[in-house]
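All of these numbers come straight from a predicted model, not from anything done at the bench.
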Amino acid sequence: MFADLCYFSVQSIQLTFVFLVLPCLLLGYLGQAAYLINNPSGEEQPFFYSIPGGMFWPIFLIANIAALIASRTMTTATFSCIKQSTALGCFPRLKIVHTSRKFMGQIYIPVINWFLLVVCLIVVCSISSINEIGNAYGIAELGVMMMTTILVTIVMLLIWQINIVIVLSFVIFFLGLELTFFSSVLWSVTDGSWIILVFAVIMFLIMYIWNYGSKLKYETEVKQKLSMDLMRELGCNLGTIRAPGIGLVYNELAKGVPAIFGHFLTTLPAIHSMIIFVCIKYVPVPMVPQSERFLFRRVCPKSYHIFRCIARYGYKDVRKENHQTFEQLLIESIEKFIRREAQERQLESDDDEDTDNEEDTSLSRVLIAPNGSVYSLAVPLLAEFGSSSNNPISEASTSVEVTADLPVDPSISDAEHGLERELSFIRKAKESGVVYLLGHGDIRARKDSWFIKKLVINYFYAFLRKNCRRGIANLSVPHSHLMQNGSTKEDEHSERAYLFSISDRSCIVELKSTAN
């Protein structure tokens with residue numbers, strides 16, 4: 001735990017705990033035990049009573065300093081545990097402030113800091129005697145010891161792969177000893193220990209409900225992704241009119257076409273001529289260079305003009321960047337990706353002419369060159385180049401024609417013509433404007449579900465999701481360029497209702513529809 005905070009190395013902590021902390025604890029507790037054997041009446045404060053008269057005040061000062069250090073350690077460790085729980089999907093998202101550019105583990109969580117303050121005040125004001133604090137401390141310490149034993153046992157079995165006889169001997173000895181002490185402490189539940197148990201139950205329920213609801217929501221979204229067969233059946237116009245411009249669809253799925261995009265197709269009279277599915281990911285580095293910010297790949301064939309983009313941010317990156325700067329960097333990166341893709345395609349066509357008719361372009365691997373360039377390997381060849389070179393792009397799906405601006409040079413290959421046409425298409429779409437399409441999904445229990453499940457999903461999880469930090473909280477998107485699409489789904493992967501809203505400086509439009 002302390003190594004994760006980045007203040008000390010793992011080896012230094014191991015050596016210090018074995019050769020300094022353990023001997024000091026043994027001597028301290030053995031000394032107090034020896035004092036109590038000779039002085040049974042000093043059981044209330046054995047530590048301070050056992051101190052010689054001339055050393056009382058220096059020891060008292062050191063004890064208070066140690067208490068302050070322990071309080072600070074507990075606060076910092078709580079931040080670390082909450083952050084790791086959030087990364088594992090076991091705790092709602094909170095605002096995390098990184099206080100160091102060098103060490104990722106040095107963090108500050110304002111909400112947890114205030115929460116600890118309030119809880120400490122409530123505990124101090126509600127407990128009437130020091131014995132109750134001691135009982136609560138005892139049950140907390142024994143709980144930590146038992147959990148440590150269980151986790152070490154798992155590590156011994158799965159990681160170290162120690163002989164099962166040794167593992168059983170370890171568990172029987174240590175866990176048996178700890179359970180014995182724990183059973184004795186449980187007798188004092190009504191005398192202060194109940195505070196720790198109630199707090200533990202509340203934290204467990206929060207983590208369980210959040211993990212269960214998030215997992216159910218993600219599985220529903222994955223199940224309801226639009227299939228590539230459906231996208232091919234819709235054609236390059238996606239069954240609607242393709243208006244000039246770029247639409248950035250934000251969602252949490254890193255693969256596939258999200259179901260929320262289908263709501264846009266059914267509720268909007270037109271869709272943008274170029275669509276980019278943007279997924280924001282946070283990586284454990286301080287800052288991601290701008291040349292390595294975006295990873296691209298095609299989602300559909302070239303004529304669809306649909307891309308998948310993974311935007312990567314470090315924990316010290318400024319995520320509320322100017323939207324114009326973000327858009328310019330995005331366009332430059334996608335142009336670089338298309339050029340690199342064309343180069344790779346040309347190399348593949350030279351090496352293997354039998355693969356010229358491959359149609360699936362959705363599984364390309366995105367790589368980063370040593371100079372920071374983003375490109376794709378193993379991209380299947382596109383047959384559109386041969387056919388599109390003879391016919392200008394005047395699809396019914398697009399209101400922008402780019403071939404009229406490009407002179408025809410017989411010396412230039414069809415592939416180069418296709419590359420220049422696509423780059424020109426992207427530039428004209430950028431000039432027409434960029435709109436941010438945000439999808440918000442919600443989940444509710446079915447009417448025939450159990451009462452407990454309805455209570456957990458419809459109220460507790462909904463409350464946590466409503467009050468937690470959204471994944472797009474760090475985006476700086478102007479309202480004039482924003483569209484929001486929300487959907488409410490029932491569990492068991494069946495949709496119930498959709499809510500679509502368009503946010504603008506001058507108007508707000510809401511469309512509702514129900515699907516059986």
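Here Lys217 pairs with Glu221 in a salt bridge; the nearest charged N to carboxylate O distance falls below 4.0 Å.
Using cut-offs of 30° and 60° for the angle between ring planes, the Phe337 and Phe307 rings count as perpendicular. Between Phe60 and Phe56, the ring-plane angle classifies as parallel under the 30° and 60° cut-offs. Ring planes of Phe115 and Phe199: parallel class, angle under 30° (limits at 30 and 60°).
Between Leu437 and His272, some side-chain heavy-atom pair lies under the 4.5 Å cut-off. A heavy-atom distance below 4.5 Å is found between the side chains of Ile139 and Leu186. No side-chain heavy atom of Lys336 sits less than 4.5 Å from a side-chain heavy atom of Ser333. Contact annotation: the side chain of Ile162 never approaches that of Phe170 to less than 4.5 Å [non-hydrogen atoms, C-beta and beyond]. Within the 4.5 Å cutoff, the side chain of Phe91 has no heavy atoms near those of the Gln84 side chain. Annotation: side chain of Leu248 is in contact with side chain of Leu330 (closest heavy-atom distance under 4.5 Å). Residues Leu121 and Leu117 have side chains in contact (heavy-atom distance under 4.5 Å, counting atoms from C-beta outward). Between Ile331 and Ile246, the closest side-chain pair of non-hydrogen atoms falls below 4.5 Å.
A distance-only check finds no donor-acceptor pair linking the side chain of Ser80 to the backbone of Thr76 [under 3.5 Å]. A donor-acceptor pair under 3.5 Å is absent between the side-chain atoms of Ser71 and the main chain of Ala67, judged by distance alone. In terms of modelled atom types and a separation under 3.5 Å, the side chain of Arg312 and the main chain of Val283 share no donor-acceptor contact. In this structure, Arg308 contributes its side chain and Gly256 its backbone to a donor-acceptor pair below 3.5 Å. Put simply, the side chain of Ser214 never gets that close to the backbone of Asn211: no donor and acceptor are under 3.5 Å apart. Side chain of Ser449 to backbone of Lys454: no donor-acceptor contact under 3.5 angstrom is found.
The environment of Tyr208 atom OH is sparse: at most 12 non-hydrogen atoms of other residues, nucleotides or ligands sit within 6.0 angstrom. Within a 6.0 Å sphere centred on CE of Met203, heavy atoms belonging to other residues, nucleotides or ligands number more than 12. In this structure, Phe181 places its CZ atom where only 12 or fewer heavy-atom neighbours from other residues, nucleotides or ligands lie under 6.0 Å away.
Evaluated for a side chain to side chain contact (heavy atoms under 4.5 Å, CB included) with Pro92, the options Ile206, Thr86, Ile209 yield exactly one hit, Ile206.
With no hydrogens or angles considered, no side-chain donor-acceptor pair links Gln324 and Gln328 at under 3.5 Å.
For residues 67-90, the pairs satisfying ring-ring contact (aromatic ring centres under 6.0 Å, His included) are Phe79-Tyr108, with sequence neighbours left out. For the ring-ring contact (aromatic ring centres under 6.0 Å, His included) condition, no pair includes a residue of residues 120-139, sequence neighbours left out.
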Check against side-chain contact (heavy atoms from CB on, under 4.5 Å), Tyr212 and Tyr461: CA-CA 9 Å; Tyr212 175 74; Tyr461 176 73; over 6 Å; no

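Checked against the 6.0 Å centroid criterion, the rings of Phe294 and Phe326 qualify as a close aromatic pair.
Partners of Val198 under the side-chain contact (heavy atoms from CB on, under 4.5 Å) rule, at least two apart in sequence or in another chain, are Trp194, Ile202.
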